[in-house]
Amino acid sequence: MAGRLDGKVVVVTGAASRGEGVGTGKAIAALSAREGAKVVLVNRSAERAEGLAEEIRAGGGETLVFAGDVTEEADANAMAAAAEAHFGRVDALVNNVGGSRQQGAVMEIGREGWDATIAVNLTSAMLCARACIPAMQRAGGGSILNISSVVGARGLLSQTGSVAYASAKAGLHGLTLSLATDYAKDAIRCNCIIVGTIFTPMVAHQGPEARARRAAMVPLATEGTGWDIGWAAVYLTSDEARWITGVLLPVDAGLLAIRDWPR
């Protein structure tokens with residue numbers, strides 16, 4: 001099935017992968033283009049984004065590269081303006097920027113690391129939504145999709161702690177519900193994908209043993225990829241999901257829904 005996003009302009013932040021392989025942003029952008037969307041690739045590194053743009057264009061897709069830091073309000077506003085000026089409208093925004101700037105439990109993490117982690121995961125999503133909503137209103141509606149993590153839904157038991165990242169992703173769930181509530185009257189939907197233990201360039205440094213452990217810890221006992229997130233994003237930004245808003249969708253091989261009780 002093709003053409004599920006025909007005529008739509010989709011903005012994807014954090015679009016280019018950090019290294020070799022396919023991250024969630026690259027998968028979302030590539031599949032959106034394959035389904036007929038005109039895709040705006042937003043990335044701090046213009047070089048990596050241009051590489052992805054070449055791949056999309058080689059497949060017949062239309063794309064625009066915007067280099068900027070969407071934790072900065074001026075860059076988020078410029079991103080939305082560039083997308084609307086180039087393609088004439090904005091139909092969907094995928095807030096995919098994220099990552100942990102400093103690990104640690106609450107007694108160890110520094111204020112600078114806390115602020116940076118909140119900024120990249122949560123503040124960026126708020127700023128990009130605020131920048132794109134007026135264009136969506138002018139277009140008669142739209143879709144906002146936030147990319148979260150199981151860490152924000154359940155927490156993470158680790159040796160280092162992950163309080164800032166977990167708090168930021170949990171905050172993204174609240175932002176999703178607030179946007180869905182506040183802009184339903186404008187036919188703007190907002191949903192969230194809760195990403196499970198997928199393999200992407202972000203975790204490639206962990207090695208094969210860690211990959212095996214991550215696969216074994218989920219009920220389906222398989223490893224997810226960026227493509228699994230990409231297909232879910234295509235659905236939620238398409239008109240197939242026109243009656244879906246305010247949903248926090250786990251794409252996690254059953255990790256959050258199914259618990260292995262002691263026998």
Taking the side chain as every heavy atom from C-beta outward, state whether [X] and [Y] have any atom pair closer than 4.5 Å.
X    : Y    : answer
R57  : T63  : yes
V195 : D252 : no
L41  : F66  : no
N146 : I193 : no
V251 : I198 : no
W114 : V163 : yes
V40  : V42  : yes
R154 : L256 : yes

Output yes when a side-chain donor or acceptor of [X] lies under 3.5 Å from a complementary backbone atom of [Y], and no otherwise.
X    : Y    : result
N43  : A16  : yes
N191 : I244 : yes
D91  : V9   : yes
E54  : G51  : no

Around atom CZ of R44, are there more than 12 heavy atoms from other residues, nucleotides or ligands closer than 6.0 Å?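 Open: at most 12 neighbouring heavy atoms sit under 6.0 Å from CZ of R44.
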Using distance alone, with no hydrogens and no angle criterion, decide if T13 and N96 have a side-chain donor and acceptor under 3.5 Å apart.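 No, because no side-chain N or O of T13 sits under 3.5 Å from a partner of the opposite role on N96.
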Short side-chain donor-acceptor distance under 3.5 Å, D69 and T71: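 Side chains of T71 and D69: pair found under 3.5 Å.
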Does F199 have R211 sitting over its ring (NZ/CZ under 6.0 Å from centre, angle to axis within 45°)?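 Yes, cation above the ring, under 6.0 Å and within 45°.
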Before giving the answer on side-chain contact (heavy atoms from CB on, under 4.5 Å), spell out for K38 and S32 the whole-Å C-alpha distance, their side-chain angles and the decisive distance to 0.1 Å. CA-CA 8 Å; K38 300 170 184 177; S32 295; over 6 Å; no
Answer yes or no: is there an ion pair linking [X] with [Y], defined by an N-O contact shorter than 4.0 Å?
X    : Y    : answer
R4   : E240 : yes
R101 : E112 : no
D239 : K8   : yes

